[in-house]
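Note sheet for the following structure.
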Amino acid sequence: MAIDIGGTKIAGALVHPDGTMTATTRRATPRGVDAEGVMAAVAEVVGDLSASPQWASAVRCGIGSAGPVDTSRGTVSPVNIGAWREFPIQERVAAELAARGAELPTVLAGDGVAMTAAEHWLGAARGYANALCMVVSTGVGGGLILNNRLHPGPTGNAGHIGHMSVAFDGEPCACGGRGCVESIASGTAIARWALDRGWTPSAGAGAGGAGASQDATAAGVAASAAQGDSIALAAFDRAGRALAAAIAASATLVETDIAVIGGGVAAAGDTLFGPIRAHLAQYATLSFVQGLRVVPATLGTHAGLIGAAAAATMLSTPTSTPTPTPTPTPTPPSSGSASSPAYVSPPEA
């Protein structure tokens with residue numbers, strides 16, 4: 001089973017060996033409540049899942065969460081869930097499962113790592129042994145596949161490309177660093193940079209179409225760029241250059257073959273991917289990275305739940321289970337295999 005925890009929603013599902021999901025459920029992430037108030041929504045999601053006839057077939061539980069996370073301790077401190085600071089989500093979810101008769105191994109993964117697991121299993125990184133997957137939205141996160149294995153690092157934060165510095169004299173980042181990718185290429189940064197340079201959102205720019213209210217977000221900047229606005233185009237060119245530099249640096253360090261980019265900003269399509277690919281040629285110059293590909297993610301909003309389930313199998317170890325006698329964990333296949341890792345036993349015919 002899978003639980004996906006974010007700033008706007010808490011979702012759950014039973015994920016089957018072919019990636020299909022059943023018993024999907026969700027709750028809005030509570031606002032203005034304490035830590036237990038948020039946990040109550042998680043418990044409701046678990047309760048919904050336990051009502052499924054397939055509940056007894058679950059073999060493990062993956063928890064994907066907005067970060068920062070500390071998987072070595074099973075805690076989360078999501079920037080967009082202020083009530084949770086070092087909240088022991090893995091322990092608490094395990095207790096909720098046990099209370100409903102499911103003493104299962106639980107695995108915690110950050111949302112960028114979960115997205116990476118999803119795209120490697122069923123998405124754009126399938127078939128690649130070494131991949132960088134990224135989420136470019138209000139922040140910039142990511143994860144790594146190395147030698148067909150998910151590589152979360154000791155605390156679950158490896159591949160966090162958003163806080164790689166690409167501008168040594170750049171503006172300060174919220175993390176305390178300077179010139180981070182996130183401070184240049186996130187949706188928030190793109191919109192701020194454009195507004196600071198005189199860009200004015202036009203009515204109808206963005207998802208609402210003609211007659212919609214002015215959209216001062218990155219989506220509005222993208223809409224203006226598509227209409228040829230010079231400041232909007234420059235904002236995306238700047239973001240694309242920052243992303244290209246970080247993607248090339250990562251590939252040079254660990255020899256990734258592909259970079260997969262998802263998230264709300266990636267919805268800009270060629271407005272974002274055009275500049276990334278154009279600038280990549282300036283940074284990925286060594287022979288072993290010249291063939292590096294940059295492609296859009298394919299799983300969209302399903303990546304969180306599918307990724308939590310995928311990460312649960314890829315990262316399951318005896319230490320990830322809350323009980324002394326863990327359920328044996330099948331070895332996940334390579335991305336080129338025709339079979340898929342089993343997260344929930346398929347229902348009987």
Side-chain angles (χ1 to χ4, degrees), residues 1-16 21-71 73-115 117-118 135 137-139 141 156 263-264 299-312 315 320-322 343-344:
M1 76 182 68
I3 298 172
D4 179 27
I5 301 171
T8 59
K9 74 176 189 313
I10 298 168
L14 301 180
V15 184
H16 296 269
M21 298 187 293
T22 57
T24 55
T25 184
R26 62 186 291 171
R27 294 289 189 281
T29 303
R31 298 289 181 187
V33 299
D34 61 9
E36 290 304 317
V38 180
M39 184 62 209
V42 178
E44 289 177 6
V45 167
V46 174
D48 289 350
L49 296 177
S50 71
S52 168
Q54 297 166 342
W55 171 257
S57 298
V59 296
R60 63 184 60 82
C61 177
I63 308 161
S65 176
V69 303
D70 185 344
T71 57
R73 300 172 57 209
T75 62
V76 297
S77 303
V79 172
N80 49 10
I81 304 179
W84 278 3
R85 289 298 172 264
E86 298 185 358
F87 187 78
I89 186 61
Q90 188 171 357
E91 176 185 337
R92 294 295 301 274
V93 167
E96 289 292 334
L97 297 176
R100 292 168 172 81
E103 296 191 7
L104 301 177
T106 57
V107 175
L108 173 63
D111 52 4
V113 171
M115 175 265 194
V135 179
S137 187
T138 52
L299 296 179
T301 57
H302 298 300
L305 287 169
I306 292 173
L315 300 176
S320 68
T321 178
Y343 307 116
V344 177

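Counting begins at 1 with the first residue of the sequence. Source: prediction; values computed, not measured.
- The two atoms that bring Thr8 and Arg31 nearest to each other are N-NH2, 4.4 Å, heavy atoms only.
- Here the closest heavy-atom approach between residue Ile10 and residue Pro30 is recorded as CD1-CD, 4.4 Å.
- The backbone N or O of Arg85 lies less than 3.5 Å from no partner atom in the side chain of Ser77, so there is not a single donor-acceptor pair.
- For Glu36 and Arg92, the salt-bridge test passes: some basic side-chain N is under 4.0 Å from an acidic carboxylate O.
- The closest donor-acceptor contact from the side chain of Thr75 to the backbone of Glu86 lies at 3.5 Å or more, if one exists at all.
- Side chain of Gln90 to main chain of Thr106: a donor-acceptor pair is present (N/O by atom type, distance under 3.5 Å, no hydrogens or angles).
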Exercise. List the steps and the verdict of side chain to side chain contact (heavy atoms under 4.5 Å, CB included) for Ile5 and Ile63.
Key: CA-CA 8 Å; Ile5 301 171; Ile63 308 161; 4.0 Å; yes
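- The closest donor-acceptor contact from the side chain of Trp84 to the backbone of Ile89 lies at 3.5 Å or more, if one exists at all.
- Contact of the Leu104 side chain with the Val59 side chain is not registered, since no non-hydrogen atoms from C-beta on lie closer than 4.5 Å.
- In this structure, the side chains of Ile306 and Met21 come closer than 4.5 Å at one or more pairs of heavy atoms.
- Side chains of Ile81 and Thr29 form a contact here, defined as non-hydrogen atoms less than 4.5 Å apart.
- Annotation for Ala114 and Ala109: closest pair N-CB, 4.5 Å, computed over non-hydrogen atoms.
- For Ala28 against Ala41, the heavy-atom pair with the smallest separation is O-CB, 4.4 Å.
- Salt bridge status for Asp4 with Arg26: absent, with no side-chain N to carboxylate O gap under 4.0 Å.
- With hydrogens and angles disregarded, a donor-acceptor distance shorter than 3.5 Å links the side chain of Ser52 to the backbone of Gln54.
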